[in-house]
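Worksheet for the structure shown next.
Owing to the predicted nature of the structure, the values given are computational and were not obtained by experimental measurement. We number each residue from 1, following the sequence as shown. All ligand and atom numbering here is 1-based and tracks the order in the structure.
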Amino acid sequence: MSTPPLTGDLSPAEFRTAAHAAIEWIAEYLESSGQYPVRSRVRPGDIREALPPSPPVRGEPLEAMLRDFISTIVPGITHWNHPAFFAYFANSGAYPGILGELLAAGLNANGMLWITSPAVTELEQVTLDWLRQLMGLGDGWFGEITDTASVSTFYALAAARERTGLDVRSKGMAARSDLPRLRVYCSEHAHSSIDKAVIALGLGHDNLVKIATDTQFRLRADALEAALAADVAAGYRPMAVVPCVGTTGMTSIDPVPEVVRTARRFGCWVHVDAAYAGVAAIVPELRYVLDGVDGADSLVVNPHKWLFTPMDCSVLYTRDPQSLKQAFALLPEYLVTATTSETVNLMDYGIQLGRRFRSLKLWMVLRAYGRDGLAERIRHQCELAREFAGMVHFEGGWELMAPVTLSLVCFRRVPPGADEAAIAGLNARIMERVNARGAVYLSHTKLGEQYTLRLAIGNIRTDRQHIALAWRELRAAAAEIEGGA
Ligand code: PLP
């Protein structure tokens with residue numbers, strides 16, 4: 001006798017109906033994402049208040065959830081899929097990637113071991129090898145997918161720490177008189193994920209040395225050399241250097257070949273943070289962004305930033321997977337399988353045991369667009385950035401704040417005679433006014449002490465009209481504020 005239906009049971013037919021409705025909604029949403037206010041207009045607590053404080057006792061129909069999703073949840077979404085999303089590093093979930101996510105959810109496979117879903121491990125390895133080839137890197141890189149660049153960098157520095165031979169894995173770092181103070185080096189414009197990795201690895205935030213940059217915001221190799229030499233003389237042990245290809249603030253590109261040469265002389269691991277810009281190397285004329293990276297020990301690139309792959313998908317490559325394994329591999333009896341010794345088991349290369357099937361969406365993106373389609377899109381976005389920079393450059397009272405290396409433009413309004421404080425205040429107001437209006441969404445940073453607006457292009461649906469819209473919005477906001485409105 002079979003079990004009687006349980007509360008909330010769904011028939012396959014009900015699932016089909018609800019799934020079709022959800023796909024219809026997604027398709028319509030993506031076609032019309034430009035109609036939404038880019039930045040959510042809710043106030044803190046609004047969404048929470050609109051939701052029941054306690055869970056339902058009886059199961060509810062899927063249609064009710066879809067209705068509430070549309071009426072209650074979507075207003076609390078800031079639309080990263082909007083073609084005029086220009087804040088942070090803009091991204092996009094393209095159709096093939098969305099399908100990959102859907103299929104992965106359908107399979108719900110866990111690739112913790114090779115045997116727990118051989119395709120999860122092997123597709124990840126093949127897809128990452130394709131991506132390596134697309135970016136023009138040499139052979140000999142081992143790749144794995146993580147959720148974010150922050151985690152990829154944490155893993156890379158954990159491997160670097162293990163390679164020091166100080167056996168931190170077994171002995172820890174506390175109360176050890178034999179342990180020199182380990183140091184990590186990056187530019188003053190490096191991303192805060194480097195700081196967090198250093199903190200989380202117990203190296204001590206004070207041991208992250210920020211190196212000065214040149215007039216183009218690139219790490220100065222001579223300053224790195226001087227810092228390394230001074231630290232060795234003072235008894236520190238340099239552990240790793242993290243150059244960045246495409247810094248968050250202004251997409252400057254550190255001189256990786258020189259950094260690698262210098263770091264090698266001091267026995268350091270080199271981890272390249274190319275979270276946003278690494279994929280630009282798919283474009284033949286931009287391949288130079290990864291010059292010298294083949295000489296590094298590890299590299300992070302995020303397909304979920306500029307390769308049209310839905311969140312989340314970060315890729316960590318290393319030339320020294322043994323050190324990564326040395327940092328993380330553990331084999332309790334319940335995870336021993338007949339194929340343990342002959343297969344890659346991705347649980348050995350990081351903290352996480354469970355592993356979702358992220359490579360499926362990346363594989364589908366790479367196949368759907370192919371090398372040429374990806375390159376065309378990235379190239380086009382760089383052209384749009386140059387066009388926008390041209391508009392800023394040729395208009396009196398506005399200035400560019402950094403070279404436009406890729407698809408990010410740093411700029412600001414500079415009324416004649418205004419001092420730094422007034423310029424900062426004015427630009428903050430311009431940005432807030434534009435963002436509140438909802439047609440476009442920008443973010444800001446500080447370059448040195450100078451308040452700077454950022455227009456980051458990365459959405460697959462962004463085109464010329466969205467750039468023009470951003471420029472109209474910015475000029476209108478500036479005119480209103482300066483006119484006293
Ligand atoms: N590195 C760089 C250069 C970044 O710009 C970012 C985020 O924008 C990160 C690392 C962190 O990325 P994630 O959010 O994947 O941790």
* **Contacts of type side-chain contact (heavy atoms from CB on, under 4.5 Å), residue V126, not counting sequence neighbours** => W130
* Side-chain donor-acceptor pair under 3.5 Å between S443 and R454, yes or no? -> yes
* Asked: Taking 4.0 angstrom as the limit, do D297 and R264 come out as a salt bridge?
  -> yes
* To do: Before accepting this row, confirm whether a basic side-chain N of the pair R464/E383 lies closer than 4.0 Å to the acidic partner's carboxylate O.
  => no
* To do: For this output row, return yes or no: ring centroids of Y29 and H79 closer than 6.0 angstrom.
  => yes
Any protein N/O atoms within less than 3.5 Å of an N/O atom in ligand 1? List the atom names and distances, or say none.
| unit_1 | atom_1 | unit_2 | atom_2 | d |
| --- | --- | --- | --- | --- |
| ligand 1 | 1 (N) | D273 | OD1 | 3.1 |
| ligand 1 | 1 (N) | D273 | OD2 | 2.7 |
| ligand 1 | 5 (O) | T248 | OG1 | 2.8 |
| ligand 1 | 8 (O) | K305 | NZ | 3.3 |
| ligand 1 | 12 (O) | K305 | NZ | 3.3 |
| ligand 1 | 15 (O) | A149 | N | 2.8 |
| ligand 1 | 15 (O) | N302 | ND2 | 2.8 |
| ligand 1 | 16 (O) | A149 | N | 3.3 |
| ligand 1 | 16 (O) | S150 | N | 2.9 |
| ligand 1 | 16 (O) | S150 | OG | 2.5 |

* Asked: Any side-chain heavy atom of I145 within less than 4.5 Å of one from P303?
  -> no
